[in-house]
Amino acid sequence: MSSFQAPKGTYDILPADAATVLAVREAIAAPLRRSGYGYIETPVFEDVNLFSRGVGESTDIVSKEMFTLTKRGSEELALRPEGTASVLRAALQANLHRTGNLPVKLWYSGSQYRYERPQKGRYRQFWQVGAEAIGAEDPALDAELIILADDAYRSLGLRNFRILLNSLGDKQCRPVYRAALQDFLSGLDLDADTVRRAELNPLRVLDRQARVGAGATGRRADAGRLPVRGLQGLPRAGPRAAHGGRVSFEDDTKLVRGLDYYTRTTFEFVHDGLGAQSAVGGGGRYDGLSEMIGGPSLPSVGWALGVDRTVLALEAEGVVLTAPGATDVFAVPLGEEARRVLFGAVTGLRREGIRADFAYGGKGLKAAMKAADRSGARFALVAGERDLAEGLVQLKDLTNGDQTPVALDALVATLKEKLK
RNA sequence: GUGGGUGUAGCUCAGCUGGCAGAGCACUGGGUUGUGAUCCCAGGUGUCGCGGGUUCGAGCCCCGUCACUCACCCCA
């Protein structure tokens, strides 16, 4: 073991788990690719102000969870804690909203960073696949995105997730409701954290975290006691009407996401196999974000799904994504002449699209056969002087031990037939 | 930032009120000089996280420290 280890809150994706991770990323991306979303990549770090203005100064993400970078002595950059602000910034910078049709539909896949105490399902570096539909106010877009996420999860075999839906109000009604809520909360005996939150962002108090009563020992607030219906009559019904009943929602008037840019439609995909965490993905409308970062009015909607948490959810449900073996044929040479010939044969097989590997390191026959077995290959290709003298190689089926001689120049055709 | 749990072989873990370092799997070699997976035999498996203390004697008790992990908080 080296004297170094992965930094706190990070982990390595090793070959044994990589197939699942890649399959999850692909499963989320596939519905987007066939629905008109274009792929975009942005830098992993941005001007720190993009996030403090976009995500919101009052959010935990910005106030205490950002990895900031110093550039020549002053803090100016931060590792991205989420993807939406960067994607919108890139779209505005490249004038995608002026050069193409609206909405501009984009998807991304990448790592995000938050400086938090790690625990199950929560890491300092984690992966999201996200989608954004920028510059249109059509509730059908909200519905489209929810359906695409639902399709992605179902294509993976995930079943026990739920979709929570709420509205956070718009420019007109939110300030009114916010003031009313603040007024209501000021009359309650709340713990110190909640008092602070009620000042900065009272809506977040609704998000089932509030403790009412004496400080930290207080009990969780009963939702029925909070004026959660203050935002009724807003376009929460939009995505519901547009989606045509294809996925089932649960109304959750306490759902308030931890990013300030959300307006109106908000939703979260939750799963109970993630330890103390519950969200595998979430999103919503962010009609005002563009203006917050200096752009024109571009009402938009988007989501991000957590790759790491989706993997945990699959594990919790016992879903195993079948990974094909990495190798079809494993070559085992006997002697120097055979090494030269079989190495060439392996190269030839690979160029024909057959997955092939070789017993490197000068192993003895027994060890080389063991390596062939462990490689997961269906066939071992064995040859020594006796075979080569006749232009043959021995092809051994490792599933049943049957071994047949094959002419060296008929190898490709024979294997293509057997591997069909 | 706060609290709980755990650190013993490559991996999963036993180890009793303090008395000689353990099991299974994995690994290496041999049984088979040209055959894996099965079977048999032999064998490394180790700063017991690290540092100090108590004791004739510490994996075990005490103090400190680090790491991992789970939870609070928050979110993907």
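Computed from a predicted model, the values in this text were never measured in an experiment. Chain letters run A, B, ... following the sequence lines, proteins first and then strands; every chain starts at 1.
Residue order along RNA chain B, read from the 5' end via each residue's closest nucleotide, puts A/G384 first among A/Y262 and A/G384. The residue among A/A304 and A/G9 whose nearest nucleotide of RNA chain B is located toward the 5' end is A/G9.
In terms of phosphate contacts, A/R257 brings a side-chain nitrogen or oxygen within less than 4.0 Å of OP1 or OP2 of B/A76. Distances shown here put a side-chain N or O of A/K8 below 4.0 Å from the OP1 or OP2 atom of B/C68. Not one side-chain nitrogen or oxygen of A/Q112 sits closer than 4.0 Å to the OP1 or OP2 atom of B/A76.
The backbone N or O of A/D142 sits nowhere less than 3.5 Å from a side-chain atom of A/R285 that would complete a donor-acceptor pair. Formation of a donor-acceptor pair under 3.5 Å by the A/R25 side chain with backbone atoms of A/V129 is not found in this model. Put simply, the side chain of A/E390 never gets that close to the backbone of A/L392: no donor and acceptor are under 3.5 Å apart.
Taking the six-membered ring where tryptophan is involved, the planes of A/Y360 and A/F343 are perpendicular, since the angle between them exceeds 60° and thus also 30°.
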**Report entry** Nucleotide-resolved protein contact map, nucleotides 35-41 of chain B, B/S/- at heavy-atom distance under 4.0 Å
**Finding:** BBS----
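Rounded to an integer number of Å, the gap from A/Q277 CD to B/U69 P is 14 Å. The distance between atom CG of A/D12 and atom C1' of B/C68, rounded to the nearest whole Å, is 14 Å. Distance, A/F67 CZ to B/C74 C1': 15 Å, rounded to whole Å. If you take CD of A/Q119 and P of B/G5, they are 17 Å apart, rounded to a whole angstrom. Here B/U2 presents its P atom at 16 Å from CD of A/E116, a figure rounded to the nearest Å.
Across all strands, A/F269 comes closer than 4.0 Å to no nucleic acid atom at all (heavy-atom distances). At a threshold of 4.0 angstrom between heavy atoms, the contacts of A/D60 are confined to the sugar-phosphate backbone, with no base atom among them. Residue contacts shown for A/G275 are limited to sugar-phosphate atoms, with no base heavy atom under 4.0 Å away. Residue A/L305 is classed as having no contact, given no heavy-atom separation below 4.0 Å to the nucleic acid.
For the pair A/E65 and A/R117, the salt-bridge criterion is not met [side-chain N within less than 4.0 Å of a carboxylate O]. Here A/D373 does not pair with A/K396 in a salt bridge; the nearest charged N to carboxylate O distance is not below 4.0 Å. Using a cutoff of 4.0 Å between basic side-chain nitrogens and carboxylate oxygens, A/E26 and A/R33 are scored as salt-bridged.
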Requested in this report: Represent RNA chain B in dot-bracket notation, 5' to 3'. Only Watson-Crick or G-U wobble pairs with both distances under 3.5 Å count; pseudoknot-style crossings use [ ] and interstrand partners use |.
Outcome: (((((((..((((.....[..))))((((((.......))))).)...(((((..]....))))))))))))....
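In terms of polar N and O atoms assigned as donor or acceptor, the side chain of A/E65 never comes within less than 3.5 Å of the base of B/C73 in a complementary pairing. Taking 3.5 Å as the limit, the base of B/A76 and the side chain of A/E268 contain no donor-acceptor pair of atoms between them. You'll find a donor-acceptor pair under 3.5 Å spanning the side chain of A/R122 and the base of B/C73, going by distance alone.
Judged by distance alone, the side chains of A/S111 and A/Y113 do bring a donor and an acceptor atom under 3.5 Å apart.
A/W127 does not qualify as a stacking partner of the B/A76 base, lacking a centre-to-centre distance under 5.5 Å together with planes within 30°.
Of all the heavy atoms in A/A313 and A/L274, the pair that sits closest is N-CD2, 3.8 Å.
Both the sub-6.0 Å distance and the 45° axial angle are not jointly satisfied by A/R162 relative to the ring of A/F269.
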